[in-house]
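Written out below as structure tokens is the structure these notes cover.
None of these values were measured; they are calculated from a predicted model. In what follows, every chain begins at residue 1, and chains take the letters A, B, ... in the order their sequences are listed.
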Protein chains: 2
Amino acid sequence: MSHTYKYPRPALTVDTVIFGLDVKDYTLQVLLVERAQQPFKGKWAIPGGFVDPGESVDDAARRELEEECGVKNVFLEQLYTFGDPDRDPREHVVTIAYVALVNINDHKVKAGSDASKAEWFPVSRLPKLAFDHRKILKMAIERIQSKVRYRPIAFELLPKKFTLTQLQNVYETVLEKRFDKRNFRKKMQSLGIIKDLGQTQTKVTHRAAKLYSLDRKAYRELEKQGGNLGV
Amino acid sequence: MSHTYKYPRPALTVDTVIFGLDVKDYTLQVLLVERAQQPFKGKWAIPGGFVDPGESVDDAARRELEEECGVKNVFLEQLYTFGDPDRDPREHVVTIAYVALVNINDHKVKAGSDASKAEWFPVSRLPKLAFDHRKILKMAIERIQSKVRYRPIAFELLPKKFTLTQLQNVYETVLEKRFDKRNFRKKMQSLGIIKDLGQTQTKVTHRAAKLYSLDRKAYRELEKQGGNLGV
DNA sequence: CCAAAAGTGTTGGGACTACACCCATGA
DNA sequence: TCATGGGTGTAGTCCCAACACTTTTGG
């Protein structure tokens, strides 16, 4: 079956830049797929696919992310729409790019469900990319870094109960920057968005750390006042 | 002539939220067009149109803006892509929204070039809008306000030579907020992005104000350091 | 000399930075 | 008792907000 329109239409795809956080070795990584076909056969690319008509583009991105990574309910947001007519040599393909952030340790090697193979790359050592994907990725890195300063996405990557050191590690990894431990703790505590659970770690070979959880209600309050996290 | 594709494709449009600044009465306004056809006949809408294949979506937005408003080289940037399948009752239409900012006094009544009539509305008194345009407009207002804090778009709305009071008026109008005159001046001067031209106003019935111009080189320096304007 | 807008300096408080040491735990 | 990471307080600096009066100009 085919589809006929009065005027020509560009094709529409969704591409999702999936960032994975490896808190263990302080690296921010990206999931890329190797292209099995021309054009750019053998080059690495940001995973993506066509938007099914009748499907919202947000849903297309969520579907894509789940197929690729098997995750739901992670940070996922629209980045930008790239619409140069020559970004794909075959025809005019407009792509709506999304950014996602997942905990890499939960999604280790997880090959793509289609024919292509998928692999994590540290953002500091990227391979050659297909299409205009280098440009998309550059914008995605800027976005994820600025986003983490304003929204509590760092918390999404941690277990419900976490220590302040774990939280600090997430920030340091995404922002590729170290913070002073004392100042970081003071800042987080003064924001009033984390709750001391009155519990501690167990089975650690050193002083057990206190456990905290995100106080979502307080967070939403802060958010309303345009609150950034000041990190 | 018609166009046939193997898989169905959503239609793709560009809608541009055109903000006009009226420095005289401190209002931020939006240019809307009245719809001549169904659906939403008689309702007001954000001006827009289809993306011609082979045309970049940025170019489509620039073309749209020039047709609608007769302006070039003003602030214009992509806002967000809206892709719910039911946002248009006829079929799945994905729209890439843009935001523009022009000086309303240069573009007074300027009716749209197509059949519909165009009118400026203060953002505080908007009519009923077609489609999901209320949602688009809300996001556009947030964007223009946050943008003006980070980028020197205020300067685009002023003549090459301007006074500090004029500059302050632009900020106050877009942000719908008043600033302390002394602090505003100190801030702007300390940023080092404006040059004192050593000239003054003429033909004013009060003390003549000094004239300044934007120092674009210094501005780009500041921009590199992620510099926001702190207003 | 009056009206109208231009122009300017100081002070207090809050937030950030930088910095070094003691504490609890299990091996 | 040692190794490991957890946990804390203070002082200096900078930036911001708040605030009122004098100056220049043309009418």
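Distances from the side chain of A:N183 to the nucleotides C:dA4, D:dG9, D:dA18 place D:dG9 closest. Closest to the side chain of B:K186, from the set D:dT24, D:dT8, D:dA18, is D:dA18. Closest to the side chain of B:H206, from the set C:dA6, D:dT8, D:dG5, is C:dA6.
When the C1' atom of C:dG7 is taken as reference, atom CZ of B:R182 falls 10 Å away, rounded to whole Å. Rounded to an integer number of Å, the gap from NZ of A:K187 to C1' of C:dA15 is 7 Å. Distance, B:R207 CZ to D:dT24 C1': 5 Å, rounded to whole Å. The CD atom of A:Q189 sits 13 Å away from the C1' atom of D:dG9 (whole-angstrom rounding). The distance between atom NZ of B:K203 and atom C1' of D:dT24, rounded to the nearest whole Å, is 19 Å. When the C1' atom of C:dG7 is taken as reference, atom CG of B:L211 falls 14 Å away, rounded to whole Å. The CZ-P distance, from A:F184 to D:dT8, rounds to 14 Å in whole Å. What separates CD of B:Q199 from P of C:dA6 is a distance of 17 Å, to the nearest Å.
The ring of A:F184 has its center closer than 6.0 angstrom to the ring center of A:Y171. A distance below 6.0 Å separates the ring centres of B:F162 and B:F155.
Remark on DNA chain C: of its neighbouring residues B:T205 and B:Y212, the 5'-side contact belongs to B:T205, judged by nearest-heavy-atom nucleotide.
Side-chain N/O atoms of B:K181 and B:Q168 include no donor and acceptor closer than 3.5 Å.
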Go through B:F75 and B:F19 one step at a time and tell me if the ring-ring contact (aromatic ring centres under 6.0 Å, His included) criterion holds. CA-CA 10 Å; B:F75 173 77; B:F19 286 109; 9.6 Å; no
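Taking every heavy atom of residues 163-181 of chain A and every atom of DNA chain D, pairs under 4.0 Å involve A:T165, A:K181, by number.
Contact annotation: the side chain of A:E156 never approaches that of A:L101 to less than 4.5 Å [non-hydrogen atoms, C-beta and beyond].
Within the 4.0 Å cut-off from OP1 or OP2 of D:dG7, at least one side-chain nitrogen or oxygen of A:R185 is found.
Residues B:R143 and B:Q78 come closest through the heavy atom pair NH1-O, 3.0 Å. The minimum heavy-atom distance between A:L76 and A:A100, with the atom names listed, is CD1-CB, 3.9 Å.
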